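Here is the structure we will look at.
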Amino acid sequence: MAAQKITKVDWHSKLNKAAHHTSDYNSTQIILRRGQAFAITLNFQTTVQPENNFTFIASTGPSPAESQQTKAIFHLSEDAANGWSATQERCEPGRMSLMIVSPANAIIGRYKLKLQIASGNKTSSALLGQFVLLFNPWCPNDDVYMANEKERQEYVLNDSGIIFQGKEKYIQQEAWNYGQFEEDILDISLSILDRSLNHRQDPSTDVSNRNDPIYVCRVISAMVNSNDEKGVVEGKWSGSYRSGTNPLHWSGSVSILRKWYRGRYRPIRYGQCWVFAGVMCTVLRSLGIPTRVITNFNSAHDSNTNLSIDKYIDVSGKTLDLTEDSIWNFHVWNESWFTRRDLGSFYDGWQVLDATPQEKSKGIYRCGPASTRAIKEGDVNLDYDSSFVFAAVNADCVTWIQHSNKRKERIYSNTRKIGKFISTKAVGTNTRVDVTNNYKYPEGSSKERQVYKKALKLLAVRSTGRRKRVTKPRRRFPAARRQNMTATTQKPTVSGKMKLDAPPVIGQDILLTLALQNLTTDFKTVNVKLRASAVLYTRKPKAEILQWSRSVQLGAEEVKEISFKITYTQYKNALLDDRKILVTAVCEARQGASLLVEKDIVLQDPFLTIEVLGPTVVHKATNVLVTFTNPLSEVVTDCVLRAEGSGLIKEQLNINVARMAPMETATAEFEIVPYKSGIRQLQVDLACIHFSNIKGFVMLDVAPAQ
């Protein structure tokens, strides 16, 4: 008897994609999710005989092996021990319809499916095809299972979002195009895994570990930055960005990932925290892991794990670079949703991941996954990097004046509350949701203090699994010494507050008032040294803008206001690529501790309006009108208007704006042809060398093709 010959294989692409929630991928590949049945129909040259024996082989990776779960052999109508199975749905002469199921803990990635047919002493073998297998948040037995459908729609299927930036009292929305379903993005995400150090060192073992979201997330966290593994994005927080792209100019992940892929894996210059988080969100969602972007305002970078952020200034208020500790106006990281089989079910749920290269974790620049439950409960000894994240949301801030005689003075300041307004985008809307309670108990509560003391105790005795610094050995402070460091022995005899007299707008003077009050009944002479500096969002100074000092006479309990301004001429050259200013006033009286008064200023964006000039329908052209204004009282040249949006524009659109007169309002019109229906995000920004980007976005409801 001749061996059976297959004449046609039908993968039921449309049916399987709909069932597996993979219809959005802009790809001709068969894309499936693990732990879920998929349909396949085989056509044969002759009628299938009952005595025929069907053996299926599913394999992935460079050296498939059953011992590493990278190769699965299973027979028709038998449940294999490896969790794979194939059942016959219908059988007609010369035609067989099958349902094949992968296990819920299958390795994710590219697979080949082969079929061997034994008929008597004849055996034939055929490649049925290739497919990509992803994590499955819809499967209750998958480690990434998420029960709520609205949350699955948001954290897996939403291809755009909001990243919150600014400062705690001026939180801004920044649109981001994740674009995880755009052409090539899934291929690029799988390439990121294949370019990792783990894969290059031991490809077979690396692939065999890709069934575990903990492992996959840890690899992606390392690969999104370029510090160790020639990954996707190179970070830069100082100097010029001329040899690359200013991090503020990115509006989405798609162009970054494509540029990396097409450029033969050369790291893309440059990124900062929101760029790393945006790219990681894209990659993890494309692989099927529910992921969101988190912003922590007043975020501590505790480089020596003592839960104290030491800041040093000189007598004029200038920040001194004497420590690697810092407090950022905001820091952006990711959370992904999965179980923690390594820690226990209590720690399941949201896990912190951070691709921004700050500290090494077991020898490589990466962070997490750290369970938010572990962080909230102070379990800083648990994998991975929970101590670093705990400090980011809980550390204390201590400010010191470094005097010229090498004496340092603990200064009284309005102690910055670390870890405020921890934010993420709401499910189904662009509003902000505060998730601070997921990270810590209410500030000042007995439970919060109890957790803090528990963390200090664990940090003092912990000897393994901690993050390693690059340059200096860690300092370890016992709890008693730490209390001495943070205790203030002397309070100031004056109080101070700095306020803006009007909203600060780019191109205009900034008007401020420093209010000082004598807290005693004695006459006081207060020496005030004031300084304004352009800073990054990390609060690291870039350029000095203003400096003055004066004496202020205060009678008994008197309040006196000092008005001053920072002129546009003073700050314009310092704020070409950002719009953040830090103003500090060091106030010294003869009796009492010195007082530090600080004011973070973020200059407001001029308005940019986006008007869609007709209905948005798939495959139907629609014009968009953008109106924008030169905010400066001088001519600007060489501006570029950029637009992008998944499902709306396949490649980023660039329109040159050659010249704009002072304060001129201009318009630009361009055409979009939507190629996906549903709610879509269109982003537009005006980039210019004379001021930082002016950004805007609009949500469009695109109707299906008519």
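Here the structure is a predicted model, which is why all the values come from computation and not from measurement.
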> Atom CG of Leu608 and atom CZ of Phe628: how far apart are they, to the nearest 0.5 Å?
Replying inline: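 Reported value, rounded in 0.5 Å steps: 7.5 Å.
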
> About how many Å separate SG of Cys217 and CE of Met280, when rounded to the nearest 0.5 Å?
Replying inline: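 These two atoms lie 7.5 Å from each other.
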
Mind checking what makes side-chain hydrogen bond (donor to acceptor under 3.5 Å, both in side chains) contact with [X], not counting sequence neighbours?
X	answer
Asp159	Arg680
Ser336	Thr291
Tyr241	Gln272
Asp206	His199, Arg210, Tyr215

[X] side chain to [Y] main-chain N or O, any donor-acceptor pair under 3.5 Å?
X	Y	value
Thr424	Ile294	no
Arg95	Glu92	no
Thr282	Tyr178	yes
Asn225	Ala355	yes
Gln153	Asn148	no
Asn656	Ala658	no
Thr339	Arg341	no
Gln351	Gly349	yes

> Is there a side-chain contact (heavy atoms from CB on, under 4.5 Å) between Leu257 and Ile192 once you walk through the steps?
Replying inline: CA-CA 10 Å; Leu257 288 165; Ile192 289 173; 3.9 Å; yes

Check whether the side chains of [X] and [Y] place a donor and an acceptor atom closer than 3.5 Å, and report yes or no.
X	Y	value
Asn43	Thr7	no
Thr41	Ser97	yes
Gln172	Glu174	no
Thr627	Thr667	no
His249	Asn693	yes

> Among pairs that include at least one residue of residues 639-648, which meet salt bridge (Lys or Arg N to Asp or Glu O under 4.0 Å), considering only residues two or more places apart or in two chains?
Replying inline: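 For residues 639-648, and leaving out neighbouring residues, the salt bridge (Lys or Arg N to Asp or Glu O under 4.0 Å) pairs sorted by first residue read Arg642-Asp685.
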
> Do Arg659 and Glu664 sit within salt-bridge range, that is, some charged N less than 4.0 Å from a carboxylate O?
Replying inline: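 No, Arg659 and Glu664 are not salt-bridged.
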
Locate the shortest heavy-atom distance separating [X] from [Y]; write the atom from each residue and the value.
X	Y	value
Tyr155	Lys425	OH-O, 4.3 Å
Gly368	Arg218	O-NH1, 2.7 Å
Trp176	Val279	NE1-N, 4.4 Å
Tyr111	Ala106	OH-CB, 4.2 Å
Gly35	Val101	C-CG1, 4.4 Å
Val618	Ser677	CG2-N, 3.5 Å

>> More than 12 heavy atoms of other residues, nucleotides or ligands under 6.0 Å from NZ of Lys676: yes or no?
In response: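 Yes, because the 6.0 Å sphere around NZ of Lys676 holds more than 12 heavy atoms from other groups.
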
Using the salt bridge (Lys or Arg N to Asp or Glu O under 4.0 Å) criterion, which residues pair with [X]? Sequence neighbours excluded.
X	value
Glu234	Arg269
Arg195	none
Asp348	none

Could you list the donor-acceptor pairs under 3.5 angstrom formed between side-chain atoms of residues 694-706 and any protein atom two or more places apart in sequence or on another chain?
{"residue": "Lys695", "atom": "NZ", "partner": "Leu248", "partner atom": "O", "Å": "2.8"}
{"residue": "Lys695", "atom": "NZ", "partner": "Trp250", "partner atom": "O", "Å": "3.1"}

Any side-chain heavy atom of [X] sitting closer than 4.5 Å to one from [Y]?
X	Y	value
Ile40	Leu128	yes
Phe338	Ile214	yes
Phe330	Ile171	no
Pro137	Tyr145	no
Leu682	Ile649	yes
Ser221	Asp354	no
Leu98	Phe56	yes
Trp274	Gln165	yes

>> Assess the residue pair Tyr439 and Thr372 against the criterion (side-chain contact (heavy atoms from CB on, under 4.5 Å)); give the C-alpha distance rounded to whole Å, side-chain angles, the decisive distance to 0.1 Å, and a yes or no.
In response: CA-CA 6 Å; Tyr439 284 83; Thr372 56; 3.9 Å; yes

>> Show every side chain to side chain donor-acceptor pair (under 3.5 Å) that has at least one partner inside residues 609-623, sequence neighbours left out.
In response: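 Pairs touching residues 609-623 that pass the test: Asn623-Glu669.
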
> Can you list every side chain to side chain donor-acceptor pair (under 3.5 Å) pair that touches residues 29-40, not counting sequence neighbours?
Replying inline: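 Residue pairs passing side chain to side chain donor-acceptor pair (under 3.5 Å), neighbours aside: Ser27-Gln29, Gln29-Arg110, Gln29-Asp187, Arg34-Asp142, Gln36-Asn136.
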
>> A cation-pi test, strictly: NZ or CZ of Arg292 under 6.0 Å from the centre of the six-membered ring of Trp350 and no more than 45 degrees from its axis. Yes or no?
In response: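 Cation-pi check for Arg292 and Trp350: passes.
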
>> Tell me whether the rings of Tyr261 and Tyr265 are parallel (<30°), tilted (30 to 60°) or perpendicular (>60°).
In response: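 The arrangement is perpendicular - the two ring planes meet at more than 60°.
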
> Would Glu183 and Arg258 satisfy side-chain contact (heavy atoms from CB on, under 4.5 Å), going step by step from the backbone distance to the final call?
Replying inline: CA-CA 9 Å; Glu183 189 175 354; Arg258 283 179 177 163; 3.9 Å; yes

> Out of Val207, Ile108, Val283, which one pairs with Leu193 under the side chain to side chain contact (heavy atoms under 4.5 Å, CB included) rule?
Replying inline: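 Option passing the side chain to side chain contact (heavy atoms under 4.5 Å, CB included) with Leu193: Ile108.
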
> After noting the C-alpha distance and the side-chain angles of Ile256 and Val233, does the key distance pass the side-chain contact (heavy atoms from CB on, under 4.5 Å) rule?
Replying inline: CA-CA 8 Å; Ile256 294 171; Val233 180; 3.8 Å; yes

> What do you reckon, are the aromatic ring centroids of Phe164 and Phe421 less than 6.0 Å apart?
Replying inline: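 No, the ring of Phe164 stays outside the 6.0 Å limit from the ring of Phe421, centre to centre.
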
>> Could you go through Thr70 and Thr60, starting from their C-alpha distance and side-chain angles, then the distance that decides it, and tell me whether this counts as side-chain hydrogen bond (donor to acceptor under 3.5 Å, both in side chains)?
In response: CA-CA 5 Å; Thr70 52; Thr60 186; over 6 Å; no

> Residues in ring-ring contact (aromatic ring centres under 6.0 Å, His included) with Phe181, at least two apart?
Replying inline: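 So Phe181 forms a ring-ring contact (aromatic ring centres under 6.0 Å, His included) with Tyr25.
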
